[in-house]
A.B. asks: 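Shown below is the structure under consideration.
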Number of protein chains: 2
Amino acid sequence: MEAEKIYREILRKRNLRSTRHRTAILAELEKSRFPVSAEDLFINLKEKNISISMSTVYRVLDTLVENGLVIQSNLPGANKAVYEVNKKEHHHHLICIKCRNMFSVEGCPLSEYEKSLENRFGFSVKGHTLKIFGYCNECNKV
Amino acid sequence: MEAEKIYREILRKRNLRSTRHRTAILAELEKSRFPVSAEDLFINLKEKNISISMSTVYRVLDTLVENGLVIQSNLPGANKAVYEVNKKEHHHHLICIKCRNMFSVEGCPLSEYEKSLENRFGFSVKGHTLKIFGYCNECNKV
DNA sequence: CTATCTGCAAACTTTTTGCACTTAA
DNA sequence: TTAAGTGCAAAAAGTTTGCAGATAG
């Protein structure tokens, strides 16, 4: 149960109570290769015989998002949110328009661009999201 | 009624019937400085005494999106979609986290980056969305 | 012990759908 | 004339909330 200790630690740092559900959801997000919806989480936890309700899933996700542990985003066309752990390394997403999987890529080519926006428009940049759409390596093969 | 002719033309090119509602929604989107929700459109049209129902707004938006005339997107945290005309010039969005307005910026710094993704991951890029969050010029002044 | 978390059921918001009627071409 | 568009009301899908009971610290 090393992993569980880590989550308790993370939560404690933010003055958040560490509950069975919060650690379970963090663990679940941590091990997922790509962002998942609230319902995905609900189903995954149920499969592990963790008893939880949708309202708790949403409430836990809300607190985790508010505390910067989790990132919430929306795919165009899908009218539900997806969630992923906030890896502190800034990253972006490759989204396959065939299999709908979402992959993370580290690194970011935008810092120069952001500076230019501040100069041109007086817009002070606090962050950004970049999503790249296309066909993933697997789907290209087919 | 020059403008109306233009929309009829645009629709005809795609083999879409030109209806009062389609041209009205296109016109509405065209003149909006930033993306609007289905409900915004509904209200704006009602204010102009154009009789329309929400289902028609959604159905019209769906066809316009399918035919590439309109772009649909979702802001994280807001659980509703927003729509804008698809200006063929590729552009990005500045989103003010205070006043929530969304501004368009032309130009794009990402073509080199996209090539590198194709090389590194075998991911064939078909498009991307970039949203920049921060404080707009107005909100910075306050 | 007590503030916080949780489950349930109900409410709310956004979007979709079936069907009868209307309209563009 | 007729295939496509529309309004209405109802349903679906996603998310939020109030409240009574459970739990972490």
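Residue numbers begin at 1 in each chain, while the letters A, B, ... track the order of the sequences. We use all heavy atoms of the structure for the numbers below, so side chains are in, but hydrogens, waters and symmetry mates are not.
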A.B. asks: Pick the nucleotide of DNA chain C nearest each of Arg20(B) and Ala81(B); which residue has the one closer to the 5' end?
C.D. replies: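 By nearest-heavy-atom nucleotide position, the 5'-most residue is Ala81(B).
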A.B. asks: So, using side chain to side chain donor-acceptor pair (under 3.5 Å) as the criterion, who are the partners of Thr56(B) when residues are at least two apart?
C.D. replies: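 Listed in chain order: Ser53(B).
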A.B. asks: Please check the phosphate of dA24(C) (OP1 and OP2 only) for any side-chain N or O of Ser18(B) closer than 4.0 Å.
C.D. replies: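 No, Ser18(B) has no side-chain N/O under 4.0 Å of OP1/OP2 on dA24(C).
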A.B. asks: Starting at atom CG of Asn79(A), determine the distance to atom C1' of dT13(C), rounded to an integer number of angstrom.
C.D. replies: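 Nearest whole value for this atom pair: 11 Å.
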A.B. asks: Under 4.0 Å from any atom of DNA chain D, heavy atoms only: list the residues of residues 32-40 of chain B that qualify, in numerical order.
C.D. replies: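 Those residues whose heavy atoms fall under 4.0 Å from DNA chain D, taken from residues 32-40 of chain B, amount to none.
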A.B. asks: When the distance from NZ of Lys80(B) to P of dC12(C) is rounded to whole Å, what number comes out?
C.D. replies: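 It is 17 Å, rounded to the nearest whole Å.
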A.B. asks: With sequence neighbours left out, write down each residue that passes side chain to side chain donor-acceptor pair (under 3.5 Å) with Lys48(A), or none if nothing qualifies.
C.D. replies: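 So Lys48(A) forms a side chain to side chain donor-acceptor pair (under 3.5 Å) with Glu28(A).
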A.B. asks: For DNA chain D, whose closest nucleotide is more 5', that of Thr19(A) or that of Val60(B)?
C.D. replies: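 Looking at DNA chain D, the more 5' nearest nucleotide goes with Val60(B).
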A.B. asks: Under 4.5 Å between any side-chain heavy atoms of His21(B) and Ile50(B), yes or no?
C.D. replies: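 With C-beta onward as the side chain, the pair touches.
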A.B. asks: Measure CZ/Arg59(B) against P/dC19(C) and give the value in whole Å, please.
C.D. replies: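 Checked: the CZ to P distance equals 13 Å.
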A.B. asks: Should Leu130(A) and Leu117(B) be regarded as members of a common hydrophobic cluster, given that ILVMFWY residues are connected when their side-chain heavy atoms come within less than 4.5 Å of each other, either directly or indirectly?
C.D. replies: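 In one cluster with Leu130(A): Leu117(B), yes.
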A.B. asks: Write down the distance between CG (Leu61(B)) and P (dT15(C)), rounded to a whole number of angstrom.
C.D. replies: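 For the pair Leu61(B) CG and dT15(C) P, the rounded distance is 10 Å.
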A.B. asks: Identify which nucleotide among dC8(C), dT16(C), dT6(C) has an atom closest to any side-chain atom of His21(A), counting heavy atoms from C-beta outward.
C.D. replies: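 When the side chain of His21(A) is considered, dT6(C) is the closest of dC8(C), dT16(C), dT6(C).
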A.B. asks: Is it the case that one hydrophobic cluster holds both Val36(B) and Val57(B), taking links as side-chain heavy atoms less than 4.5 Å apart, direct or via other members?
C.D. replies: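 Cluster IDs for Val36(B) and Val57(B) match.
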A.B. asks: Let me know, please, whether Ser53(B) or Arg17(B) comes out on the 5' side of the other along DNA chain D by nearest nucleotide.
C.D. replies: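 The residue closer to the strand's 5' end, by nearest nucleotide, is Arg17(B).
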A.B. asks: Tell me: CG of Leu11(A) to P of dT4(C), nearest whole Å?
C.D. replies: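 Computing the Leu11(A):CG to dT4(C):P distance gives 16 Å.
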A.B. asks: Please state how far atom CD in Glu66(A) lies from atom P in dT4(C), giving the value in whole angstrom units.
C.D. replies: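 Checked: the CD to P distance equals 14 Å.
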A.B. asks: Please list every donor-acceptor pair under 3.5 Å in which a side-chain atom of residues 70-82 of chain B meets a protein atom from a residue at least two apart or in another chain.
C.D. replies:
none

A.B. asks: Considering only heavy atoms, which members of residues 22-31 of chain A lie under 4.0 Å from some atom of DNA chain D?
C.D. replies: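 When residues 22-31 of chain A is checked for heavy atoms under 4.0 Å from DNA chain D, there are no hits whatsoever.
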A.B. asks: Give the intermediate values and the outcome of side chain to side chain donor-acceptor pair (under 3.5 Å) for residues Asp40(B) and Ser37(B).
C.D. replies: CA-CA 5 Å; Asp40(B) 294 338; Ser37(B) 69; 3.1 Å; yes
A.B. asks: Identify, with sequence neighbours excluded, every residue that meets ring-ring contact (aromatic ring centres under 6.0 Å, His included) alongside His91(A).
C.D. replies: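 With neighbours one apart ignored, the set is His93(A).
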A.B. asks: Should we say atom CZ of Arg14(B) is surrounded by more than 12 heavy atoms from elsewhere, each under 6.0 Å from it?
C.D. replies: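 Yes.
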A.B. asks: Test: ring-ring contact (aromatic ring centres under 6.0 Å, His included). Region: residues 122-142 of chain A. Which pairs qualify, not counting sequence neighbours?
C.D. replies: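 Sorted result for residues 122-142 of chain A: His90(A)-His128(A), His92(A)-His128(A).
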A.B. asks: Among residues at least two apart in sequence or on other chains, which ones pass side-chain contact (heavy atoms from CB on, under 4.5 Å) with Ala27(A)?
C.D. replies: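 Testing Ala27(A) for side-chain contact (heavy atoms from CB on, under 4.5 Å), a comparison that skips the adjacent residues, returns Tyr7(A).
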A.B. asks: Look at Glu114(A) together with Lys126(A) and state whether they make a salt bridge at an N to O cut-off of under 4.0 Å.
C.D. replies: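 Salt bridge: no.
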A.B. asks: Output the rounded distance in Å from CD (Glu9(B)) to P (dA24(C)).
C.D. replies: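 It works out to 18 Å between those atoms.
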A.B. asks: Of all nucleotides in DNA chain D that come within under 4.0 Å of a heavy atom of chain A, which is furthest toward the 5' end and which toward the 3' end?
C.D. replies: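 Using the under 4.0 Å cut-off, the span is dG14(D) to dG25(D).
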A.B. asks: State which residues pass salt bridge (Lys or Arg N to Asp or Glu O under 4.0 Å) with Glu112(A); sequence neighbours excluded, sorted by chain then number.
C.D. replies: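 Once residues adjacent in sequence are excluded, the partners of Glu112(A) under the salt bridge (Lys or Arg N to Asp or Glu O under 4.0 Å) criterion are Lys115(A).
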A.B. asks: Using the C1' atoms of five pairs at each end, what's the angle between the two axes of the helix from dC1(C)-dG25(D) to dA25(C)-dT1(D), to 10 degrees?
C.D. replies: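 The helix from dC1(C)-dG25(D) to dA25(C)-dT1(D) shows an end-to-end axis angle of 40°.
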A.B. asks: Could you pull out all residues at least two apart from Asn101(B) that satisfy side-chain contact (heavy atoms from CB on, under 4.5 Å)?
C.D. replies: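 Partners of Asn101(B) under the side-chain contact (heavy atoms from CB on, under 4.5 Å) test: Arg33(B), Phe34(B), Cys99(B), Phe103(B).
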A.B. asks: Rounded to whole angstrom units, what separation is found between the CZ atom of Phe42(B) and the P atom of dT13(C)?
C.D. replies: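 Rounded to the whole Å, the gap is 15 Å.
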A.B. asks: Is Tyr58(B) close enough to dT15(C) that one of its side-chain N or O atoms is under 4.0 Å from OP1 or OP2 there?
C.D. replies: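 Yes, because at least one side-chain N or O of Tyr58(B) sits under 4.0 Å from OP1 or OP2 of dT15(C).
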